[in-house]
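A short write-up of the structure that comes next.
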Amino acid sequence: MAADPRVREVLERALAEVAGARSTSDLEQVRVRTLGRAGQLTTLLRSLGAIPAAERPKVGEETNRAKAEVEAAIAARLEGLKAEEHRRTLAADRPDLTLPGRRPPPGPVHPLTRVTEEIIEVFEGLGFSVAEGPEVESDYYNFAALNFPTDHPARDMQDTFHLSADTLLRTHTSPVQIRTMKAQRPPVRIICLGKVYRRDILDATHSPMFHQVEGLAVDTHITMADLKATLQLFAREMFGAKSTVRFRPSFFPFTEPSAEVDVRCFKCGGDGCRFCKESGWLEILGSGMVHPNVLRNVGYDPEEVTGWAFGMGIDRVALLKYEIDDIRLFFDNDLRFLQQFGGLPGR
């Protein structure tokens, strides 16, 4: 123990406070109060110049010895306090295994997923099956087999991402129709869903990647009337019981005759409004009778079977159905937008 009364007093009080510290924060206060820049022992060392020169070495040595003793005591006590605090934390955080589990809130279903499920439900109810295919396609399946000659201007209608001279990102889901028909004999009733890619600049109404669904029915005695009845039923299921469709002549290399299909505006009932740009109609898809050349390309005899096909953008249907004015909202992952749509019906 130090002989100098000032050093002895500070040392005894510091050791007592270290022993009595109840937490690491209490111990830190003792350290600062004793050993810090303005601490008691530090102050004693700085005041050595005020005491007689003969006493300075002894007082300095005792003060440094006291500092070392306090530091050692703090270090030893710190280990014990850390272990004690860890035990208390574990005890406080121990889970109550008798409590019931907490069910996480269900996440919202993306509007594109919701519309896709609704489309599948409608056509599965009509006896159609879902077919899928690769997103990276050959020129043959994406164009040639669908009656697109190499120099045909219709290829310009679809600005394509080419990966090589003969490989590309599919511009529509029609290649799935070719693959399905090559793999089975009629009758064929399928819908093809998936992502497609075109070199569009992203804005409120265009995207270089979007989602498409196409329908195909091939059998004996398939007519344009079957196509119209099917699309009429789809419009009513998707847009309301009062919906109706109209056909307008158009051109697609893979169908003949071809038609654009509009649905009567479900906002104004056909009277004309801002939503339908005062026309009373909303364009939703393209369709037509499968071209005889396409049937021949898959090994079908156009004298024995006929078929119809249609194609529409799922994103386009979702924009209309939910009155969304910017396609980019589908890809922003903004929970404020997605939470408006809830879960799937019946789930």
Side-chain angles (χ1 to χ4, degrees), residues 115-134 137 141-148 154 170-194 196 211-239 243-263 283-314 316-317:
V115 169
T116 299
E117 292 286 343
E118 291 176 7
I119 292 172
I120 291 174
E121 184 177 357
V122 171
F123 284 98
E124 283 186 337
L126 294 174
F128 286 70
S129 59
V130 177
E132 296 181 340
E137 271 293 2
Y141 283 106
N142 197 83
F143 289 124
L146 289 160
N147 203 37
F148 286 84
R170 66 183 181 188
T171 60
H172 45 192
T173 51
S174 300
V176 183
Q177 299 181 18
I178 300 297
R179 291 180 177 275
T180 301
M181 288 190 285
K182 278 181 169 290
Q184 71 179 75
R185 303 303 301 170
V188 176
R189 289 178 178 83
I190 59 169
I191 55 171
C192 318
L193 306 103
V196 298
H211 303 79
Q212 193 174 62
V213 57
E214 297 190 13
L216 172 70
V218 179
D219 203 348
T220 56
H221 309 300
I222 293 285
T223 68
M224 199 82 167
D226 300 317
L227 171 62
K228 185 172 183 179
T230 301
L231 295 180
Q232 179 68 68
L233 185 147
F234 167 76
R236 289 174 179 170
E237 292 291 328
M238 186 61 62
F239 299 110
S243 293
T244 186
V245 296
R246 73 174 182 183
F247 282 48
R248 292 180 287 106
S250 187
F251 166 78
F252 305 108
F254 34 83
T255 54
E256 178 59 39
S258 303
E260 296 280 0
V261 180
D262 304 329
V263 63
E283 180 182 334
I284 58 169
L285 57 87
S287 65
M289 299 299 294
V290 179
H291 198 289
N293 287 347
V294 175
L295 296 175
R296 292 188 187 97
N297 288 338
V298 298
Y300 291 0
D301 186 349
E303 298 298 325
E304 294 180 0
V305 297
T306 54
W308 53 251
F310 70 82
M312 62 183 161
I314 296 175
R316 167 72 173 164
V317 174

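This structure is a prediction, so every number in the text was calculated from the model and none was measured.
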Task: Shortest non-hydrogen separation from Leu285 to Gly311 and the atoms involved - done: CB-O, 3.2 Å
Open item on the list: Show the nearest heavy-atom pair for residues Val176 and Gly133, with the distance to one decimal.
Closed with: CG2-N, 3.7 Å
Task: Separation between CE of Met238 and CG of Leu233, rounded to the nearest 0.5 Å - done: 11.0 Å
Task: Derivation of the side-chain contact (heavy atoms from CB on, under 4.5 Å) call for Met224 and Phe247 - done: CA-CA 11 Å; Met224 199 82 167; Phe247 282 48; 4.1 Å; yes
Open item on the list: Tell me whether the rings of His172 and Phe143 are parallel (<30°), tilted (30 to 60°) or perpendicular (>60°).
Closed with: tilted
Open item on the list: Angle between ring planes, Phe239 versus Phe234, binned at 30° and 60°: parallel, tilted or perpendicular?
Closed with: perpendicular
Open item on the list: Before you tell me yes or no, could you show the steps for Val196 and Thr173 under side-chain contact (heavy atoms from CB on, under 4.5 Å), namely the whole-Å CA-CA distance, both residues' side-chain angles and the distance that decides it to 0.1 Å?
Closed with: CA-CA 7 Å; Val196 298; Thr173 51; 3.8 Å; yes
TODO: Report yes or no: does Ser129 contribute a side-chain atom to a donor-acceptor pair with the main-chain N or O of Ile190 at less than 3.5 Å?
DONE: no
Task: Euclidean distance, Arg296 CZ relative to Asp301 CG, rounded to 0.5 Å - done: 8.0 Å
Open item on the list: A side-chain contact here means heavy atoms from C-beta on lying under 4.5 Å apart; do His211 and Leu193 qualify?
Closed with: no
- [ ] Taking all non-hydrogen atoms of both residues into account, name the closest pair between Ile284 and Val263 and its distance.
- [x] CG2-CG1, 3.7 Å
Task: Backbone of Arg170 reached by a side-chain donor or acceptor of Asn142 within 3.5 Å - done: no
Open item on the list: Students often mix this up, so state it plainly: with edges at 30° and 60°, are the rings of Trp308 and Phe128 parallel, tilted or perpendicular?
Closed with: tilted
Task: Heavy-atom check, side chain of Leu216 versus side chain of Thr180, under 4.5 Å - done: no
- [ ] Quick one: do Leu231 and Phe310 satisfy side-chain contact (heavy atoms from CB on, under 4.5 Å)? Show the steps, please.
- [x] CA-CA 9 Å; Leu231 295 180; Phe310 70 82; 3.9 Å; yes
- [ ] Could you go through the side-chain contact (heavy atoms from CB on, under 4.5 Å) check for Asp219 and Arg189 one step at a time?
- [x] CA-CA 9 Å; Asp219 203 348; Arg189 289 178 178 83; 3.5 Å; yes
- [ ] Spell out, as yes or no, whether a donor-acceptor pair under 3.5 Å connects the side chain of Glu214 to the backbone of Ser174.
- [x] yes
- [ ] Would you please say whether a donor-acceptor pair under 3.5 Å links the side chains of Thr220 and Glu304?
- [x] no
TODO: Measure from the side-chain N and O atoms of Thr306 to the backbone N and O of Ile222, and report whether any donor-acceptor pair falls under 3.5 Å.
DONE: yes
- [ ] Compare every heavy atom of Pro302 with every heavy atom of Pro292, then report the nearest pair and how far apart it is.
- [x] CB-CB, 3.9 Å
- [ ] Measure the spacing between CD1 of Ile314 and CD1 of Ile119 and express it to the nearest 0.5 Å.
- [x] 5.0 Å
Task: Greater than 12 external heavy atoms within 6.0 Å of Gln184's CD - done: yes
Task: Flag, side chain of Ser258 to backbone of Phe252, donor-acceptor distance under 3.5 Å - done: yes
- [ ] With rounding to the nearest 0.5 Å, note down the distance linking OG in Ser243 to CD in Gln232.
- [x] 8.0 Å
Open item on the list: Within the structure provided, determine whether Arg179 and Pro134 are in side-chain contact (heavy-atom separation under 4.5 Å).
Closed with: yes
- [ ] Indicate the atoms forming the closest heavy-atom contact of Pro253 with Asn147, along with that distance.
- [x] O-ND2, 2.9 Å
Open item on the list: So which atom in Cys192 and which in Gln177 form the shortest heavy-atom distance, rounded to 0.1 Å?
Closed with: SG-CG, 3.8 Å
Task: Sidechain-backbone polar pair: Glu256 side chain, Gly288 backbone, donor-acceptor under 3.5 Å - done: no
Task: Flag, side chain of Tyr300 to backbone of Met181, donor-acceptor distance under 3.5 Å - done: yes
Open item on the list: Less than 4.0 angstrom from a charged side-chain N to a carboxylate O is my criterion; do Glu283 and Arg248 meet it?
Closed with: yes
Task: With Asn297 via side-chain hydrogen bond (donor to acceptor under 3.5 Å, both in side chains) - residues at least two apart - done: none
- [ ] First locate atom CD of Glu132, then atom CD1 of Ile191, and finally report the distance between them rounded to the nearest 0.5 Å.
- [x] 10.0 Å
